[in-house]
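Report on the following structure.
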Amino acid sequence: MKLSSPAALRIAIVVGAVVMLEVICRLGLVKPINLIPPSAMVARLLDLVREAKFWSEVGATVHNIAFAALAAWTVGFCAGVVLHGMPRLRRVVEPLIASYYALPFFVFYPLAVVMLGMSSLPIIVMAALFAVVSMISSTMIGLDRIPGVLHKSSRTFHLGKIRNALLIQLPATLPDLFAGAKLSLGYCISGVIGSEFILSDRGVGYSIAYAYNDFDSRTMYAYLLFVLLLVAIVLSAANWLERRLRYRIGSNWAITPTLLRAPKLSVRLGETALLVVVLLAVWQLVFIIAGNEAVASPLMTAERLPRLLSSRQFWGHAAETGRALGFALLISWIGGGLLGVVLGASARASDVAEPMVIALQSTPKVTLYPVMLLFFGLGIAAKVAFGVIHGIIPMTLFTMNAIRNVNPALLRTARALRLTRVQTASTILVPAVTPEIVTAVRLSFSITLLGVIVGELFASQRGLGFLIMNSIALNDVTTIMAVTTLVVAFALAVNATLRGVDRRVREGGQPQDAVPDSMLISDRVTT
Amino acid sequence: MSVSAAEPISASPMFATVEAPSCVAVRDLTKTFDNGVHALGPLDLELRRGEFFSIVGPSGCGKTTLLDIVAGLTLPSSGTVTFEGTTVQGAVPSGVGIVFQDDASFPWLSVWDNIAFGLRRQGVKGQNLHQRVDYAVDFMGLKGFARARPAQLSGGMRQRVCIARTLVMKPRLILLDEPFGALDQQTRLLMGDELLRLWRETGATVLLITHSLDEAAMLSDRIGVMSARPGRFIGMLDTGWPRGRDSRIATHPDFGRVTAELWERLRGESMKAMKGGGA
């Protein structure tokens with residue numbers, strides 16, 4: 001490896017950052033309660049790995065991740081195959097799939113605990129539900145990607161349906177299935193550790209939260225280091241395998257979704273209404289099975305909504321969440337956008353930065369929340385910071401790619417037309433990167449909202465997340481459901497609006513336009 | 001208008017056409033798609049056993065649709081197709097091999113396994129399998145790449161893999177849908193030579209769809225010219241080239257006249273297609 005190669009520079013940056021942290025801590029520039037030197041984290045981790053309790057906590061977390069991943073892979077694969085084979089059903093559920101990762105998912109976790117009890121089960125169920133959609137999307141992408149000519153070839157060899165599935169479709173979709181499995185695994189790790197953080201009595205997430213509450217920074221950082229190492233090892237191995245599969249399979253196959261022609265507005269509205277009715281029916285069914293101690297019915301929730309919306313207390317919490325979200329979005333959009341422009345403008349800088357940004361994106365950021373609390377306290381600043389660490393990464397990544405992928409022929413055309421730099425920027429660069437930036441704004445909105453709400457769920461004194469946790473403490477199931485419904489409705493409404501804008505700016509033949517949003521999300525971004 | 005109404009544009013005085021029994025017979029064929037587009041016909045076509053027949057026509061005239069119907073990959077709206085006297089309907093008849101324009105190699109299999117794919121499905125194994133695949137690998141100039149994956153090969157080599165995978169099954173009818181469309185001119189000429197060599201050695205009937213008038217003129221015994229959509233045959237050209245020809249036939253004094261006559265018939269149709277958005 002050359003000393004000036006991107007990989008060597010990345011190693012130098014990481015080593016430099018670690019050394020700088022060590023120096024800052026050793027010089028006493030940061031309080032030991034807030035941050036300890038990396039060497040002390042390693043020393044404490046080496047102590048911990050000798051303790052049986054540590055491995056018991058790790059075992060519990062790994063057990064939950066393994067079961068959640070297995071469930072997500074199996075259900076996601078089967079659902080993806082079914083949806084691919086039924087284009088009309090796919091069209092009906094596509095908006096739900098596309099908006100899935102716009103939901104502040106962890107708001108459902110307290111409900112799962114109420115319904116399933118304080119055990120591993122709600123953690124596994126939540127993590128699997130969190131991860132399953134990325135597996136569904138990847139399965140559909142894989143099947144969409146198989147070129148028609150391979151189906152024709154299959155017929156020339158007189159393969160039956162089963163042989164075609166085993167000998168053509170399965171190997172052809174393998175890279176996408178693997179990518180989906182990897183994404184799902186990332187979601188499962190985030191889901192399990194995040195759930196253990198919020199409400200649990202076992203696991204790595206619980207241990208980090210316990211150490212934080214016990215003011216034991218050394219142990220907390222040792223666990224954090226362990227999580228980072230675990231994620232780095234698992235994802236590096238998965239990436240290595242994925243690269244090998246990509247080499248073998250036709251990675252240049254285009255995605256051609258088997259979507260039906262756009263239906264009439266009345267049909268579209270009818271399908272959406274049907275989807276809403278089915279979701280309400282499922283909710284009612286859950287209510288009938290679980291009982292009103294665990295979950296409120298749709299009707300009970302609807303009755304609570306007016307009272308909630310007319311209470312000053314609710315709007316106080318909503319304003320707090322709104323303020324935190326607003327600040328976090330501003331910082332994510334402006335900061336991530338500027339950072340993306342700087343990195344994208346230099347091919348070398350983006351070559352060095354891209355794998356690091358992607359690695360940061362794959363890290364379960366939930367584990368970093370105690371660090372935010374240590375630095376920013378229980379006020380709004382911690383929530384903003386937590387929202388920002390979620391939202392800034394996709395914004396940076398998408399902006400960087402948008403700048404880097406501007407067609408060089410367009411820039412040569414600008415030179416041929418003797419445009420000034422300002423003219424080139426305003427007439428060529430800005431229109432070329434706008435669609436990708438709008439997608440970045442949309443995705444980072446969803447993820448920032450998720451970050452702010454999770455921050456409020458974990459440790460906060462105000463905000464909608466706090467209101468949910470407070471209602472759990474008071475066993476007020478109806479308020480939990482009502483607040484959760486409002487948060488979900490807000491997330492879906494904003495996402496739908498931003499999707500509309502996204503679609504509008506992409507009109508005019510952008511290649512991504514043919515790709516459903518769910519695929520776009522799972523292709524590029526993990527939470 | 002049907003093929004029977006189409007007159008031969010020319011017949012070379014130098015070479016006699018070999019009369020042989022029918023291999024494929026297409027009668028009163030039409031195809032209208034679900035969206036109402038009338039793509040083909042009515043048309044008739046008869047392929048003689050062992051001949052090399054090419055179809056040229058403007059873009060969107062239904063050439064590939066016709067080939068898909070002959071292959072049994074698409075059902076006609078009306079009319080019949082028979083292969084060696086048996087009606088073709090919704091399934092690829094045994095004895096028919098197809099090479100597509102797009103790369104249809106299986107990227108997860110090695111070159112050798114790609115070529116062996118169809119034989120294995122037929123239950124061929126052991127020494128027989130190895131002999132036939134090794135011969136095909138050698139014959140197609142893929143020796144030294146047998147263990148390579150398609151991603152490691154050039155476009156031309158990948159297409160040779162697909163041709164080998166089809167020919168190793170010893171088809172009696174080979175359907176080629178612009179198999180050299182994605183290749184550069186030199187590679188196309190060399191691949192054409194290889195195809196002619198294979199055709200001579202196997203004695204199979206070949207139906208080639210191509211955009212290239214030179215390619216059709218160089219390779220074919222007969223050439224069918226199709227009209228703009230809905231595609232019908234508006235002419236048949238009997239080249240009369242000798243069976244032992246190769247790409248050097250392009251230097252023959254009659255070669256330019258053949259392509260010129262093809263273009264003469266096709267020019268108006270191509271303009272129609274272009275004005276209609278087809279080209």
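Only this structure's heavy atoms are used, side chains among them; waters, hydrogens and symmetry mates stay out. Since the model is a prediction, treat every value here as computed from it, not as a measurement. Numbers restart at 1 for each chain; the letters A, B, ... are given by sequence-line order, proteins then strands.
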B:Thr30: what forms a side chain to side chain donor-acceptor pair (under 3.5 Å) with it, not counting sequence neighbours?
-> B:Ser78
Atom CD of B:Gln127: over 12 foreign heavy atoms under 6.0 Å = no
Are A:Lys152 and B:Asp68 close enough that some pair of their side-chain heavy atoms sits under 4.5 Å apart?
-> yes
Can A:Leu150 and B:Phe100 be said to form a side chain to side chain contact (heavy atoms under 4.5 Å, CB included), step by step?
-> CA-CA 10 Å; A:Leu150 287 200; B:Phe100 302 98; over 6 Å; no
With distance as the sole test, does B:Arg121 use its side chain to make a donor-acceptor pair with the main-chain N or O of A:His158 at under 3.5 Å?
-> no
Taking the side chain as C-beta and beyond, is there a heavy-atom pair between B:Thr166 and A:Phe157 under 4.5 Å?
-> no
Take atom CZ of B:Phe53 as the centre, draw a 6.0 Å sphere, and report whether it contains more than 12 heavy atoms from other residues, nucleotides or ligands.
-> yes
Structural part of A:Leu159 lying under 4.5 Å from a heavy atom of chain B | side chain
B:Gln122, CD atom: more than 12 neighbouring heavy atoms under 6.0 Å = yes
Would you give the length of the straight line joining atom CZ of B:Phe106 to atom OG of A:Ser153, rounded to the nearest 0.5 angstrom?
-> 5.0 Å
What are the two closest heavy atoms between B:Ile98 and A:Thr156, and how far apart are they?
-> CD1-CG2, 3.2 Å
Does a side-chain heavy-atom distance below 4.5 Å link B:Trp108 with A:Leu174?
-> no
